[in-house]
Asker: 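What follows is a structure written as structure tokens; I'll ask about it next.
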Amino acid sequence: KQFDNAVNVMMERSPAFDNDLFLDSIVKVRNAEIMYKAVNFYLTTHPLLFSRLMEVMEEHVDHSRVVSQLSRTGDWALQVGQDYM
């Protein structure tokens, strides 16, 4: 639960964001929905770090759901996620 809170705080408050801490914490969250929220967060806020996020979360997410999120977000998101796909 503390990892869920830590990840949510980093997503809600930009000054609290630390990429290394985020990547360490995201795989320890209990609520899987937070991982999918993180996908959108990285796409909109840190697109250059998106591939690294997906490397870390690869074993923990439903890949078809992530690809669906990317396609719903737009062509630019599909381009950002190209390495992941």
Side-chain angles (χ1 to χ4, degrees):
K1 177 130 173 133
Q2 73 186 56
F3 292 107
D4 293 27
N5 291 336
V7 168
N8 277 324
V9 166
M10 284 188 269
M11 287 190 288
E12 292 167 3
R13 298 179 181 88
S14 293
F17 179 78
D18 177 294
N19 189 56
D20 292 332
L21 181 59
F22 191 95
L23 295 176
D24 184 52
S25 300
I26 193 66
V27 295
K28 297 175 184 173
V29 297
R30 290 185 179 180
N31 182 351
E33 290 304 311
I34 293 173
M35 290 187 183
Y36 299 106
K37 187 176 172 184
V39 168
N40 284 333
F41 172 72
Y42 266 70
L43 282 173
T44 58
T45 312
H46 303 286
L48 298 177
L49 300 173
F50 180 77
S51 292
R52 180 67 185 125
L53 171 73
M54 297 316 301
E55 288 172 9
V56 169
M57 294 196 326
E58 187 171 14
E59 297 177 14
H60 306 280
V61 294
D62 175 357
H63 300 291
S64 60
R65 182 171 173 182
V66 172
V67 171
S68 177
Q69 275 185 268
L70 291 172
S71 61
R72 280 194 319 266
T73 304
D75 289 341
W76 66 270
L78 289 170
Q79 290 174 346
V80 168
Q82 192 68 35
D83 290 340
Y84 165 68
M85 295 185 289

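When a residue number appears, it is its place in the shown sequence, counting from 1.
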Asker: If we only count heavy atoms from C-beta on, is the Met35 to Val7 side-chain gap below 4.5 Å?
Answerer: no
Asker: Is there a side-chain contact between Val29 and Asn8 (heavy atoms, below 4.5 Å)?
Answerer: no
Asker: For the residue pair Met57 and Val39, establish whether any side-chain heavy-atom pair is separated by less than 4.5 Å.
Answerer: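 Of all side-chain heavy-atom pairs linking Val39 with Met57, at least one is under 4.5 Å.
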Asker: Are Val27 and Leu23 joined in one hydrophobic group, where the rule is that I, L, V, M, F, W and Y side chains link up if heavy atoms are under 4.5 Å apart?
Answerer: yes
Asker: Between Gln69 and Tyr36 (side chain of the first, backbone of the second, donor and acceptor by atom type, cut-off under 3.5 Å), is there such a pair?
Answerer: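 Such a contact is found between Gln69 side chain and Tyr36 backbone.
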Asker: What are the two closest heavy atoms between Ala38 and Ile26, and how far apart are they?
Answerer: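 Between these two residues, the closest heavy atoms are CB-CD1, 3.8 Å.
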Asker: Side-chain heavy atoms under 4.5 angstrom apart, residues restricted to Ile, Leu, Val, Met, Phe, Trp, Tyr: same cluster for Phe41 and Leu49?
Answerer: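 Yes, same cluster.
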Asker: If you group Ile, Leu, Val, Met, Phe, Trp and Tyr by side-chain heavy-atom gaps below 4.5 Å, do Val9 and Leu21 land in one group?
Answerer: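 No, Val9 and Leu21 fall in different hydrophobic clusters.
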Asker: When rounded to the nearest 0.5 angstrom, what is the spacing between CD1 in Ile34 and CE in Met11?
Answerer: 6.0 Å
Asker: Taking the side chain as C-beta and beyond, is there a heavy-atom pair between Tyr42 and Val80 under 4.5 Å?
Answerer: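 They are not in contact (no side-chain heavy atoms under 4.5 Å apart), so the answer is no.
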Asker: For Pro47 and Leu43, work out which heavy atoms get closest and say how close.
Answerer: CB-O, 3.6 Å
Asker: Counting only heavy atoms not in Glu12, do more than 12 sit closer than 6.0 Å to its CD atom?
Answerer: yes
